[in-house]
Amino acid sequence: MAKKDNVSEAAARVLFTECDGAHFDLYLNALSAYLCLLKVYKSDEGIGEFSSEMVISRAEEVLDRIKDISEGFIMALVARALLKLIQKDIKTSTETIIKALDGNSGNCEAIKLLRIISSDEVENFVNTSKDSDMSQKDLLDVAWACFRIEEYETAFQILDSITSDEETNYSYYSLYGRILYNIEKYKEALPYVERWLEEMNVIEARSLSGDSLSDKDKERLERKSFCHFILASCQDELGIIAQAKEHYDIAISELKKDVSNNRLKDINEFLYYQESYGKMLHRCGEYEDAMKVWNGMIDFVDGCVPAFIHRQETAYKMYDARLVIDDYYNIIRHVPDYAGAYVYAARVFLIYEHMDDAKSVFEKADAEGVVSDRLNLVRADYLNRTGNRLKALDIYKEIQSHIESEDTDIEEITGFYIDYTSSLMNIRDEDGKRYLLEEALAVAEKGRKEDPENKDLLWRLTDIYEWTDRNAEEIYSVMKDIYPDDGDVIFEH
């Protein structure tokens, strides 16, 4: 507690020190104002010899001086937002802190303060709503505050009580769509986000026709790329791929304009839009287009690790072994414990039977403390290929225990059971007899619980049934029902 008081007292000394223009430090004075106001807000007390009223008055004076010098100075905006909160001017406080976040979306103090302001606004609404006659616009402001602190149910209740009109349509549809998007109700969100974009287009059309826009509408137009991104994301999740491509393209193109004009506010937003687009393209098997996205990100930011990670995966799908290995080194140079890099590199080395290189990948992963069932599954393949099948079995057993306890990084569970089954099927004793077929059958049946129609697993079951004198006709009949036009199934049957 004493330490905090010392900080507040030091800040107060700076705040109440008169400085001429040459010695007036913007950041130091803004920070001092913020720290002093924070002390007043939390304790409702003054600092040392300065009463709370004196602190508030002096902070306002200093912040006005900073505004005259640099209106958009972030630390001063944060301090002013806190000042307005103390003065019970929630509306101005909210607008000011949002302006600060528009300038720097990652400012930790601004993010924390926005939650505080929003919590106060929601609490005030809950305590007074029954006795107050609030306008539709004021209700929307409270709903936005609920959104910021993730009080979605309360936000929905407020929104459902509103009849939106020309004045509130933009905010209403934007907020409703964003809440539904945040809770992953993409189908329900889609019509709201589409209407949000329509309202955005109306504002843009007015601007293009020469109409004078309000500051609020100008700010809304700055969110055009974000609106298209949210719409693209909804369509992406719903499998509306052609339209998603269109809106991802627009979202990214809008931010590229900001890059060209040196007006890009958040590089992470720009990269995130591209990453989302590239992931969709990769998922849809459009690997060449996905590769263009990853290369574009790497050209924009040297050492862009997410792009290296995605590019390695895409390169693997494109059978570009050299690039898979190049990006293995690019990734582990920055993130030496990232398992995926080792997985793809080891797979490529095994495909080309470079056993020593594969071994070096496993050794490097072990040295970096990488713990991954995905990597261990590839390691088991390596052991099988190098004649260490019993050691491989130990790995399969360990992975299976992790799967059963739902503590694994393996996503394709059926693929694991296929590999495990194959390994058990191919272990022989000194006389060449396959002696673990019952165990193989048990593992295969576990795999069928994950995917009853998996063709690779069913083929293995036909072999197991035949080798153990079971009636393989049962499995062939199942396969024929599932794959009636498959030539191999018909021939074998």
Side-chain angles (χ1 to χ4, degrees), residues 316-317 319 339-340 342-355 357-359 361-362 372-405 408-480 482-483 486-489 491-493:
Y316 183 81
K317 291 290 187 179
Y319 308 106
Y342 298 94
V343 169
Y344 289 111
R347 283 180 182 174
V348 165
F349 284 135
L350 290 180
I351 289 169
Y352 286 93
E353 298 184 352
H354 292 183
M355 297 304 175
D357 290 325
K359 182 180 179 183
V361 170
F362 299 127
S372 166
D373 286 341
R374 290 175 64 208
L375 182 59
N376 281 337
L377 188 56
V378 185
R379 194 193 304 262
D381 185 23
Y382 164 80
L383 291 170
N384 280 328
R385 290 167 181 254
T386 54
N388 295 292
R389 292 188 176 277
L390 293 179
K391 286 186 178 180
L393 282 189
D394 291 336
I395 292 177
Y396 287 123
K397 289 175 183 177
E398 182 179 5
I399 294 174
Q400 183 177 344
S401 71
H402 295 164
I403 289 172
E404 291 173 351
S405 62
T408 183
D409 61 346
I410 291 177
E411 295 179 355
E412 296 181 4
I413 303 299
T414 306
F416 160 75
Y417 282 114
I418 292 170
D419 288 352
Y420 191 5
T421 300
S422 298
S423 185
L424 288 163
M425 289 170 64
N426 289 304
I427 293 178
R428 301 171 185 258
D429 61 18
E430 294 178 354
D431 298 325
K433 181 181 178 182
R434 304 174 193 270
Y435 67 94
L436 292 176
L437 293 177
E438 294 300 324
E439 289 84 346
L441 177 59
V443 169
E445 290 298 342
K446 284 182 178 291
R448 285 190 72 189
K449 290 180 181 178
E450 297 289 333
D451 184 358
E453 299 184 357
N454 185 277
K455 188 188 294 185
D456 290 335
L457 203 53
L458 290 169
W459 277 126
R460 283 159 179 76
L461 277 170
T462 62
D463 288 337
I464 294 172
Y465 271 49
E466 288 172 355
W467 295 341
T468 56
D469 296 325
R470 287 178 168 86
N471 183 13
E473 177 67 23
E474 295 177 17
I475 306 300
Y476 283 122
S477 294
V478 170
M479 294 181 73
K480 189 176 179 181
I482 299 171
Y483 308 104
D486 189 294
D488 291 334
V489 173
F491 176 79
E492 289 291 335
H493 187 242

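Keep in mind that this is a model prediction, so the values were computed, not measured. Residue indices begin at 1 and follow the sequence shown.
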Closest approach of [X] to [Y] (non-hydrogen atoms, all atoms of both residues):
{"X": "Ile410", "Y": "Thr408", "answer": "N-OG1, 3.2 Å"}
{"X": "Ala380", "Y": "Ala392", "answer": "O-CB, 3.6 Å"}
{"X": "Tyr465", "Y": "Leu441", "answer": "CE1-CD1, 3.8 Å"}
{"X": "Ser423", "Y": "Ile427", "answer": "O-CG1, 3.2 Å"}
{"X": "Thr462", "Y": "Ala472", "answer": "O-CB, 4.0 Å"}
{"X": "Asp409", "Y": "Arg374", "answer": "OD1-N, 3.0 Å"}

Look at atom [atom1] of [X] and say whether more than 12 heavy atoms of other residues, nucleotides or ligands are closer to it than 6.0 Å.
{"X": "Glu412", "atom1": "CD", "result": "no"}
{"X": "Glu404", "atom1": "CD", "result": "yes"}
{"X": "Tyr352", "atom1": "OH", "result": "no"}

Less than 4.5 Å apart, any side-chain heavy atom of [X] and any of [Y]?
{"X": "Ile464", "Y": "Thr421", "result": "yes"}
{"X": "Lys446", "Y": "Tyr420", "result": "no"}
{"X": "Arg448", "Y": "Leu461", "result": "yes"}
{"X": "Asn454", "Y": "Tyr417", "result": "no"}
{"X": "Ile351", "Y": "Tyr316", "result": "yes"}
{"X": "Lys433", "Y": "Arg428", "result": "no"}
{"X": "Leu457", "Y": "Asp451", "result": "no"}

Rounded to the nearest 0.5 Å, how far does [atom2] of [Y] lie from [atom1] of [X]?
{"X": "Ile413", "Y": "Lys449", "atom1": "CD1", "atom2": "NZ", "answer": "14.5 Å"}
{"X": "Arg389", "Y": "Asp394", "atom1": "CZ", "atom2": "CG", "answer": "14.0 Å"}
{"X": "Ile482", "Y": "Lys480", "atom1": "CD1", "atom2": "NZ", "answer": "13.5 Å"}
{"X": "Asp419", "Y": "Leu377", "atom1": "CG", "atom2": "CG", "answer": "5.0 Å"}
{"X": "Met479", "Y": "Glu474", "atom1": "CE", "atom2": "CD", "answer": "14.0 Å"}
{"X": "Leu390", "Y": "Ile395", "atom1": "CG", "atom2": "CD1", "answer": "12.0 Å"}

Aromatic ring pairing Phe416/Tyr396, orientation class (parallel under 30°, perpendicular over 60°, tilted between): tilted

Stepwise side-chain contact (heavy atoms from CB on, under 4.5 Å) test for Leu436 and Met425: CA-CA 6 Å; Leu436 292 176; Met425 289 170 64; over 6 Å; no

side-chain contact (heavy atoms from CB on, under 4.5 Å) evaluation trace for Asp373 with Glu398: CA-CA 9 Å; Asp373 286 341; Glu398 182 179 5; 5.6 Å; no

Steps toward salt bridge (charged side-chain N to carboxylate O under 4.0 Å, His left out) verdict (Glu438, Arg470): CA-CA 11 Å; Glu438 294 300 324; Arg470 287 178 168 86; 3.0 Å; yes

Stacked cation flag Arg379 on Tyr382, 6.0 angstrom / 45 deg: no

Val378 and Phe362: CA distance, side-chain angles, deciding distance, side-chain contact (heavy atoms from CB on, under 4.5 Å) verdict: CA-CA 9 Å; Val378 185; Phe362 299 127; 4.1 Å; yes

Residues Arg434, Asn426; criterion side-chain contact (heavy atoms from CB on, under 4.5 Å); working and verdict: CA-CA 7 Å; Arg434 304 174 193 270; Asn426 289 304; 3.3 Å; yes

